[in-house]
Amino acid sequence: MPRLQLTVDQLRERALIVRRDIITLLAHAKSGHSGGPLSSADFGTVLFFHEMNLTPGDQKDAGRDLWHFSIGHVTPAIYALMGERGYYPLIDLLGFRSLEGHLQGHPSKHDTPGIDVSAGSLGQGLSVCCGMALGARMDGSSRRVYCVMGDGEQQEGQIWEAAMFAAHYKLDSLCAVIDYNRKQIDGDVQDIMGIAPLADKWRAFGWNVLEADGHDIPALLGAFAQAREAKGRPTVILAHTVMGKGVSFMEDDYRWHGVPPSKEQADKALREMGTTLDAWTERLRHHKEVAVAPSVNGAS
Amino acid sequence: MPRLQLTVDQLRERALIVRRDIITLLAHAKSGHSGGPLSSADFGTVLFFHEMNLTPGDQKDAGRDLWHFSIGHVTPAIYALMGERGYYPLIDLLGFRSLEGHLQGHPSKHDTPGIDVSAGSLGQGLSVCCGMALGARMDGSSRRVYCVMGDGEQQEGQIWEAAMFAAHYKLDSLCAVIDYNRKQIDGDVQDIMGIAPLADKWRAFGWNVLEADGHDIPALLGAFAQAREAKGRPTVILAHTVMGKGVSFMEDDYRWHGVPPSKEQADKALREMGTTLDAWTERLRHHKEVAVAPSVNGAS
Amino acid sequence: MSRATPPSPAPAAVLANPEMKKTREGFGHGLVALGETNPNVVVLVGDLSGSTNVSFFAERFPERFVQVGIAEQNMMCVAAGLASVGKIPFLATYGAFASCRSADQMRVTVAYTDLPVKIAGAHGGISVGPDGATHQAMEEIAIVRSIPNMRMVVPCDYWETRKATIAMAGDAHPYYLRFGRESVPVVTKEDTPFVIGKANVMREGGDLAIIACGVMVYEALVAAEALASRGIQARVVNLHTLKPLDEDAIATAARECGAIVTAEEHQIYGGLGGAVAEVVVRQHPVPMEFVAVRDRFGRSGKPEELMAAFGIKAPDVLRAADRVLARKKPGA
Amino acid sequence: MSRATPPSPAPAAVLANPEMKKTREGFGHGLVALGETNPNVVVLVGDLSGSTNVSFFAERFPERFVQVGIAEQNMMCVAAGLASVGKIPFLATYGAFASCRSADQMRVTVAYTDLPVKIAGAHGGISVGPDGATHQAMEEIAIVRSIPNMRMVVPCDYWETRKATIAMAGDAHPYYLRFGRESVPVVTKEDTPFVIGKANVMREGGDLAIIACGVMVYEALVAAEALASRGIQARVVNLHTLKPLDEDAIATAARECGAIVTAEEHQIYGGLGGAVAEVVVRQHPVPMEFVAVRDRFGRSGKPEELMAAFGIKAPDVLRAADRVLARKKPGA
Ligand SMILES: Cc1ncc(C[n+]2csc(CCOP(=O)(O)OP(=O)(O)O)c2C)c(N)n1
Ligand SMILES: Cc1ncc(C[n+]2csc(CCOP(=O)(O)OP(=O)(O)O)c2C)c(N)n1
Ligand SMILES: [Mg+2]
Ligand SMILES: [Mg+2]
């Protein structure tokens, strides 16, 4: 059952788990990004635990869906999602960004099982996904392709090259999600280099544009379902999010874009989420199984 | 009187002269682009002989307007316009693309007097013009900046980076013209990589968008005048043109994008324009003065 | 190092009046041959079908041909995406754009992921002619060689380009293939052995070695012929693969000949000459002279005229040979 | 070649316990100094104000600071446009993007036009640490050196970065300045002479020369100290300018020392080692050994840990010295 299709409550619970993982792995690495990973946690969870047909451990499965984070810096979210979905033991999260571990600062195909294409330079991922979608279509496959982008990232011209391409080739198996958290490294996106009106831009580039509260699980489920219906053009979901979502002292503050919490801050954050740094570290250390407990069943 | 502001009839006549120059210089070089230069000839003439404040021979004049062709391959038009406007003797046109001449295949600052920034790789020019406009504003100057782009060129992502930048910084001294001839090297733009709806794209990127028949001199004059009025945002004029305009056997045929006419074809083309290859070559060879005859007076 | 068959000097007559053929046609024909045998081969182009000769493939296999328009960054990453789902994508544009406009995409998405994307950089070198500096790519060797996982081939003629095109499709790593615009002398044969990473000795000799790639292999052969008429035997090494480098062929040349001239249609810094020098000083230091473009942008002109003006014709190779021979240690 | 004051060996104690300072701070402070004296200096950044330290300038001179967002191609050409109307623009981003994402723009618009755009590539080298391979720029020397008209400086410490920043503003050509992320040992003084294009001899010696740039100058000094304790005198040359190259300093080192080790925090192909080798074989062939990253992508880890794992710490320089000394001709 590669599409898990968890229920809304299960997804909420899972997103909380992912957030706890993010904070914990960052605190251990003492390096990495907090803001974007937390804003991506909800739609990421919907993707990994409901929307996408994934077969962890069988990367060669030609039927599975494809996904790629163009914002390579949100590895804390990517790795937590992958770990929870069973790509590798959760204990690996504690080796984030270390020389010994396999979880690089930015996604690396030859280090981490489950990564298809390496990333880390912004603006390139949508093009990669275009190639995946086109290749799948050449093979007569109906596998879908999901691309996660940032809002600051929209400033990269290559995104608009890819946007043009995807519309030109009517790549309707392609669904992009933009983590519209209104922040980037140096501050507010609208101050740094305004991207508004973003929906108009994507429409003018020929895309089916959907907007959703990026922390509202039912809204996200609805958007992904709608994307599947769109024929003849690709879909982009503007997921309106809050940077640092879920940690009171991080929310909506761009200064958390690229720094990890200290151990103390992490413990504080985890207490807000109903656990502690020690307790959650213990979970990661010992919870070696595929993270989806057998009691959790998909809806289909 | 650096803005010549010729009359409509004078501009029409001047554009015809520019087209004759283009054909003649191409035939002599036996190398170079025909299609885009001919589609650019009319708005180019309006720019050089009406709209822009130019001071040929005094490149250091901090009051003159700035212009830059992002489509470096339309040098036949650029060089003809410059020659006619008095940047160098017209005879130089006959040395186009030769080792001895100063007129390189693509614009080169250190070869050709009057070129501010070299070009030849598509998609870079609008950014250059953004820098010019911003620099002028820092200096408190009101000089205007004109950028000529191609329609195929709109596929380059850097253009959209620059578009975003110019709107963000409200560069209203910047006016871009797109030679919307619907053709590029490999065929029709809409088949190669569709750019429609182009006006919507520019609007969504925050620009003042004007459209005009790119061969209708009064319409072009009107558009440039309107662009001067726009405050707080840059203007782009979609100049709807015909590739190869003015030469019956070249019009609307993409295969003329990058090839020159043979001597016979050039003579045929020039006869359509009321002269011959020999006669027009003679004109270029001997007409060494600043090309604007004293009888031609500007309107202001 | 494999020895070309025959390694004997090309007859002066052939050198004086060589068959002329375009390397880009070798690329185009190689693609068609691949298309016929390998259904995974797909071809992408950035609005330059004709001048890169991918039009040959496009006509035969339209369903495996992807027109990307003028968007080289996107093209590089679309190719990567295609490779990630099992295709063997060739992408074609001018070398100036293949190497520079999408360098970051080549580095991060293609090379770091180590995907079998094959990058064809057409219009390499000053011999591009009238288009001028911006279109005369002369930095590709330096750029591509610096990026880990990349492989690079600079074939010398039609046949070698055809063979290189076919060979690189069979290796699951990223490649950069550099070729030119003009017709150039055919100096190999249809059955001359071609192995990626193995230099071909085109002419034996022990007085000095001329190591060249691309069209400069022909210029080297012409220079060697002139040297032979003065009793000097120059070994001519066709170093078609710039990465991985045939270090043995280079070290052997240094040891056996004691002096090396390199010849390339490329900037002098970080090109073939630099690659050879890096091996020479580590393995067997000998005097070297470089025939290359001397850190200058190109300009418009006729191809042959430009090659002469920029100092990379056979007489320039000859002069470099004389210089290096004068420096060679008597006993070496 | 100018000789640093004093050229005498840095005392072992200082090397063992050096003052640590960030080169990027030298850049940031240099910009502020420029801002105070030269109203034409403007600064552009691609959403990396803090980590490139252009924030220092932005706070002081907000009206001359241009935030470009994440659009490196645009940034390079906006800088060119600013330069064309008389500004002296410095643009800053990570070296991976400065050198690769906007390589075509650097080549065509900036270098071919020969505009005084100053490109600051931060986060050069494996010592970038935990961000990993994509952010560890190690190809810049090869790329930038291949492009005509470009100049390039890789300063060794805080003071040299500050001086280089100020010096390049005074020269009307395009520059690339490469510096790192971490605090590195301060091995020069505020008043150590710095002249673009003139290598500094940091330590005299005639048994071999260690030619280095960037943080590797420190590693070279440490290695030289260890060699001295064994009675071997190594000359340490700080080759801060990679282009134009101080060919005299290199040739002199080859002639006087007879053996060279190069040390750089860069890929092994086409970097400082390659640049030195190109001069050595043309002027005075001697054995060389290269300390550099061996054509591999970087990875996440702690800076020091990575430098050791990738073989570019003082012990690696020492081993290279031993290898080259073993190869050195007795009489040379
Ligand atoms: C091409 C490129 N330029 C710059 C960077 C450095 N960088 C990493 S993340 C980032 C900001 C991204 O903003 P956004 O997409 O909004 O992500 P968020 O900060 O919301 O996580 C920048 C500039 C990069 N990784 N790649
Ligand atoms: C970056 C870049 N890619 C490719 C080219 C090659 N090229 C030159 S002109 C051209 C087509 C341009 O189309 P368009 O802008 O419509 O100009 P037109 O053909 O109408 O003159 C191409 C692909 C180039 N000069 N620069
Ligand atoms: Mg954001
Ligand atoms: Mg067009």
Side-chain angles (χ1 to χ4, degrees), chain A residues 26 28-33 70-73 75 95-112 117-124 149-161 183-195 254-255 257-260, chain D residues 44-52 54-55 58-59 62 65-78 92-102 104-105 123 126 128-137 181-182 296-310:
Chain A
L26 282 167
H28 282 274
K30 299 193 184 68
S31 169
H33 300 71
S70 186
I71 36 174
H73 63 279
T75 37
F96 180 50
R97 286 181 170 236
S98 71
L99 189 56
E100 308 75 32
H102 65 78
L103 299 178
Q104 298 296 301
H106 293 80
S108 168
K109 170 174 167 152
H110 294 288
D111 290 282
T112 306
V117 176
S118 303
S121 176
L122 294 168
Q124 305 188 16
M149 293 185 280
D151 53 355
E153 194 191 15
Q154 305 296 303
Q155 294 153 0
E156 278 291 354
Q158 189 183 344
I159 293 212
W160 303 101
E161 296 180 359
K183 306 283 169 189
Q184 59 189 104
I185 291 185
D186 280 351
D188 278 13
V189 174
Q190 68 184 43
D191 299 335
I192 300 300
M193 181 52 58
I195 58 170
Y254 74 89
R255 288 169 304 177
H257 158 91
V259 289
Chain D
L44 300 90
V45 79
D47 193 26
L48 289 167
S49 300
S51 45
T52 62
V54 299
S55 50
E59 276 153 31
F65 174 73
V66 186
Q67 173 61 264
V68 182
I70 315 169
E72 294 80 7
Q73 301 191 105
N74 185 50
M75 178 160 64
M76 186 71 74
C77 290
V78 169
T93 178
Y94 292 155
F97 314 130
S99 64
C100 286
R101 191 53 162 264
S102 43
D104 192 27
Q105 291 75 13
H123 284 39
I126 189 83
V128 164
D131 270 338
T134 59
H135 283 53
Q136 293 156 340
R181 180 181 191 271
E182 297 295 299
R296 291 169 53 192
F297 278 105
R299 58 181 291 117
S300 291
K302 298 199 182 71
E304 286 290 304
E305 194 176 70
L306 287 168
M307 288 188 62
F310 281 75

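No hydrogens, no waters, no symmetry mates; every other heavy atom, side chains included, goes into these values. Just so you know, these numbers come straight off a predicted model, no measurement behind them. Residue numbers start from 1 in every chain, and the chains themselves are labelled A, B, ... in the order their sequence lines are given, proteins ahead of strands.
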How many angstroms lie between atom [atom1] of [X] and atom [atom2] of [Y], to the nearest 0.5 angstrom?
X	Y	atom1	atom2	result
A:Glu100	D:Arg299	CD	CZ	8.5 Å
D:Arg101	D:Ile70	CZ	CD1	10.0 Å
A:Gln155	A:Leu122	CD	CG	9.5 Å

Heavy-atom pairs under 4.5 Å with chain D are the metric here; pick the option from [options] that has the most.
options	value
A:Asp186, A:Ile192, A:Leu99	A:Asp186
A:Met193, A:Gln104, A:Gln154	A:Gln104
A:His73, A:Gln124, A:Lys30, A:Glu153	A:Gln124

Quick one: what part of [X] sits under 4.5 Å from any heavy atom of chain A, side chain, backbone, both or neither?
X	answer
D:Val68	backbone
D:Thr134	side chain
D:Ala309	side chain

Exercise for review: Please name all residues satisfying side-chain hydrogen bond (donor to acceptor under 3.5 Å, both in side chains) with D:Ser51, sequence neighbours left out, ordered by chain then number.
Suggested key: D:Tyr94
Check your understanding: Can you check whether A:Ser118 reaches D:Phe297 side chain to side chain, under 4.5 Å on heavy atoms?
Key -> no
Less than 4.5 Å to any heavy atom of chain D: does that hold for the side chain of [X], its backbone, both, or neither?
X	value
A:Asp191	neither
A:Gln158	side chain
A:His33	side chain
A:Ala119	backbone
A:Ser98	backbone

Exercise for review: Compare every heavy atom of A:Pro260 with every heavy atom of A:Ser31, then report the nearest pair and how far apart it is.
Suggested key: N-CG, 3.4 Å
Study note, to complete from the structure: Looking only at heavy atoms, the pair that brings D:Val45 and D:Gln67 closest together is O-OE1, 3.1 Å
Point to revise | A:His106: partners by ring-ring contact (aromatic ring centres under 6.0 Å, His included), with sequence neighbours left out | key: D:His135
